[in-house]
Amino acid sequence: MPEPTRTPLLVPGSLELPRQLQLTQMTLWCEVPIWGLLLYDDQSPWLAVLETLHICFSRARHQRPIFPGPGVDANGQGEHEWVNYDAPLALGLRHLLFNDQHIDEIATSGVENSAMWSNWIEELGAKPPVDVPHLRKTFPQFQDLANAVALLRSGQVDGNSSRRPTSRHLLPLGSSMLFADVKEVAHTSDRRFMRRTGELMYLMINRSKLRIEIATLVQNELIGANSPWNRLARKLMGGEAYEDVPRSLNTGFLPLPYHEAYERLAEDWRAILSLKKMPVATSLASLARLSGFNLLLYIVERAVEVVEGADGHVPPYVLDMVGSTSGNGLRKLSEGMYQRHRRLLPEAMRTFVEVYRDSEEWEAIEVSEQASMTARNTLEQRFLWKRDIGSDPYNMPSASEQIEVLLNEVQKPRSHSVSAMYVAHSRQIGAITARAGVGTWYAPNDELIEALVLANVTGPVELDSFLHTLFKRYRIVIGAQEAMLAFNGELPEVDASFRENERSFEDRLRMLGFLERKSDDCAFVFNPFHPDSAMLTDDDLDDAA
């Protein structure tokens, strides 16, 4: 029998775990080897993008390449990246923006300017959390300070979130607008919401062929852009800007050295950050939505690869554009695909365990002396799975019974799991609709539709071609033609529903300002924010046709 090993089990083709990676808090090793560390439900797509940019900003601040490239060669030989980063705490600025409950009230109190300052300083207490002398010098009129704070507050991302004040953030429009998540009491960096989903996205881009282009765009459009918002934040921040940088953080674990999902994510980042005609503050919302959708698709793709192999069939994303809650075939099919995607996740984890159960290592354990004890120790080492089943080898469950319990365990619903993350991100990016008593299905909101156009349309393109692009890149099915491709021509009973769906999609694109119809046969989708776009003429449409 082979000697037990303390190495957690990995999927075929995976990189080895970084030597420095700490796994002491891990309790069930099934999600991480398939998808990476960590896909987290409480970290919204916005916060994932911010975490990615934390790493980019930090590396630029320390004059390091924003994306250093993977640590492996073309043959997959080498080591997993180990990327350190940090982010300022900016405690004073954060207090002004998200904690101060008095500044607005005092600014509208009608008393004299000096009295406003005196009243506010009194409210701050004996140990004010902000640099009062700096603020009085920079904003002699208290009203100007209050106006500056109010303006910057309007740049909050996820503004409707109920997260704690120390986990709220601004648009990343410059180095002074990006700061760490911090603990409310200890005022040190925290991973309560910034939980490594953004680190996974960073690693994906770092392993893509477009990493140098993305680095240039991030540098030019965000890090180096001296926006009025960033200058205002810098004035409010004062001397604390980089004086309270917390301990260094580091990226987690992304198993596969290469994957199509990495290139797709990088292509979408390049497309969105290249929109010169759209303010970057506006385009970042589309970037967050598309990044979230890319993560959803990556999760499903990896699940299929584990369950069915590299040639497995990825169930399509059937998007209902009509929005009806009636039980039409398309809506039911969309709901079925959503449920199928969700079921794939525990199926992948069960398959991961089943593959090990059928391995020579486990077969040897089952026929060994003290098989129960060896099984308990090995499952703890291979899957980081600890169970209190005593220490008497004669009273322990058998090896086969233990692994059956593990197989059942991985299929149980758990909080903060990849399954919970899939549901949360689907909702947060606007990909699903849920109706009590009806169900949950894929029905995108206008913002997600806009993001898909912004990332996939340059010059005018026929609607049919655009629908095919969405299917080819994201497995998105909207029209009848893509439905036939996705389901091998086995959908005659819902053909009419898909044609109605396509017409509804066209209507929504027109209302959003992304479509023009030249004739009964030709509808064109265009992106007015693309650098090469211009007002469309009949000649333009003729050329596109």
Side-chain angles (χ1 to χ4, degrees), residues 10-11 13-18 21 31-40 43-59 65-74 76 78-85 172 194-218 222 249-273 284 286-306 314 418 421-422 425 429 451 455 473-475:
L10 299 172
V11 298
S14 174
L15 294 171
E16 294 296 325
L17 292 169
L21 191 63
E31 294 184 3
V32 172
I34 298 172
W35 294 286
L37 182 66
L38 181 69
L39 293 163
Y40 189 65
Q43 185 169 4
S44 70
W46 253 120
L47 292 187
V49 168
L50 287 176
E51 190 171 42
T52 303
L53 292 175
H54 272 314
I55 307 172
C56 297
F57 275 62
S58 175
R59 291 189 64 82
I66 291 176
F67 292 105
V72 296
D73 59 24
E79 294 186 349
H80 192 288
E81 307 98 311
W82 187 251
V83 181
N84 297 106
Y85 68 100
M194 294 287 194
R195 199 64 177 269
R196 286 188 154 162
T197 303
E199 294 177 1
L200 281 189
M201 289 206 305
Y202 173 87
L203 292 172
M204 289 179 179
I205 296 173
N206 187 56
R207 295 181 191 175
S208 76
K209 298 175 183 176
L210 297 178
R211 57 183 172 272
I212 302 302
E213 291 185 54
I214 306 300
T216 301
L217 286 167
V218 170
L222 297 172
L249 303 169
N250 53 71
T251 52
F253 173 62
L254 182 63
L256 298 185
Y258 305 106
H259 197 280
E260 180 183 350
Y262 309 166
E263 303 300 332
R264 183 175 56 238
L265 175 67
E267 288 166 3
D268 284 349
W269 271 60
R270 178 179 63 178
I272 296 297
L273 292 177
L284 284 171
S286 292
L287 182 66
R289 291 181 185 278
L290 270 186
S291 296
F293 189 81
N294 272 286
L295 289 178
L296 298 183
L297 184 51
Y298 165 73
I299 290 170
V300 172
E301 287 172 333
R302 287 293 299 128
V304 169
E305 289 163 4
V306 171
V314 177
V418 68
M421 178 270 185
Y422 193 90
H425 273 223
I429 68 172
R473 293 202 71 219
Y474 309 103
R475 295 288 292 172

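For the single chain, residues carry numbers from 1 onward in sequence order.
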So [Y] and [X], do their side chains get closer than 4.5 Å, heavy atoms only?
X    : Y    : result
C56  : F67  : yes
T251 : L37  : no
V218 : L53  : yes
I66  : F57  : no
R264 : L297 : yes
H425 : L295 : yes
R473 : E267 : yes

Considering all heavy atoms of both residues, which atom of [X] and which atom of [Y] are nearest to each other, and what is their separation?
X    : Y    : result
A455 : D268 : CB-OD1, 3.7 Å
T197 : A48  : CG2-CB, 4.0 Å
F253 : L200 : O-CD2, 3.2 Å
I272 : A451 : CD1-O, 4.4 Å
L254 : Y298 : CD1-OH, 3.6 Å
L256 : Y262 : O-OH, 2.7 Å

In sequence, state the C-alpha distance, the side-chain angles, and the governing distance for I299 and M421, and then conclude on side-chain contact (heavy atoms from CB on, under 4.5 Å).
CA-CA 10 Å; I299 290 170; M421 178 270 185; 3.5 Å; yes

Any sub-3.5 Å donor-acceptor pair from [X]'s side-chain atoms to [Y]'s backbone N or O?
X    : Y    : answer
S58  : N84  : no
S14  : L10  : no
R302 : I34  : yes
Q43  : M194 : no
E79  : G71  : no
R59  : H54  : no

Does any pair with a residue in residues 203-212 pass side chain to side chain donor-acceptor pair (under 3.5 Å), and if so which ones, sequence neighbours excluded?
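Residue pairs passing side chain to side chain donor-acceptor pair (under 3.5 Å), neighbours aside: H80-R207, E81-N206, E81-R207.
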
Check side-chain contact (heavy atoms from CB on, under 4.5 Å) between T52 and all other residues, then give those that pass, not counting sequence neighbours.
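Partners of T52 under the side-chain contact (heavy atoms from CB on, under 4.5 Å) test: M201, Y202, W269.
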
Output the distance between atom CG (L273) and atom CG (L284), rounded to the nearest 0.5 Å.
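One gets 7.0 Å once the value is rounded to the nearest 0.5 Å.
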
How far does CG of L217 sit from CG of L222, to the nearest 0.5 angstrom?
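One gets 9.0 Å once the value is rounded to the nearest 0.5 Å.
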
Pairing donors with acceptors under 3.5 angstrom, does anything connect the side chains of N294 and R289?
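There is no such pair between these side chains.
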
Do you see a donor-acceptor pair shorter than 3.5 Å between the side chains of E305 and H259?
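On atom types as modelled, these side chains qualify, holding a pair under 3.5 Å.
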
Taking ring-ring contact (aromatic ring centres under 6.0 Å, His included) as the definition, give me every residue that meets it alongside Y474, ordered by chain and number, with sequence neighbours left out.
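By the ring-ring contact (aromatic ring centres under 6.0 Å, His included) rule, Y474 matches F293.
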
Do S291 and L265 pass the side-chain contact (heavy atoms from CB on, under 4.5 Å) test, and can you show the C-alpha distance, the side-chain angles, and the key distance before you say yes or no?
CA-CA 7 Å; S291 296; L265 175 67; 4.1 Å; yes

Going through the distances and angles, do N250 and V83 end up as a side-chain contact (heavy atoms from CB on, under 4.5 Å)?
CA-CA 5 Å; N250 53 71; V83 181; over 6 Å; no

For E51, is there an ion pair with R195 - N to carboxylate O distance below 4.0 angstrom?
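No salt bridge links R195 with E51.
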
Verify side-chain contact (heavy atoms from CB on, under 4.5 Å) between L249 and I55, making sure each step is shown before the conclusion.
CA-CA 9 Å; L249 303 169; I55 307 172; over 6 Å; no

What residue among L287, L290, I429, L296 forms side chain to side chain contact (heavy atoms under 4.5 Å, CB included) with P45?
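The single option meeting the side chain to side chain contact (heavy atoms under 4.5 Å, CB included) with P45 is I429.
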
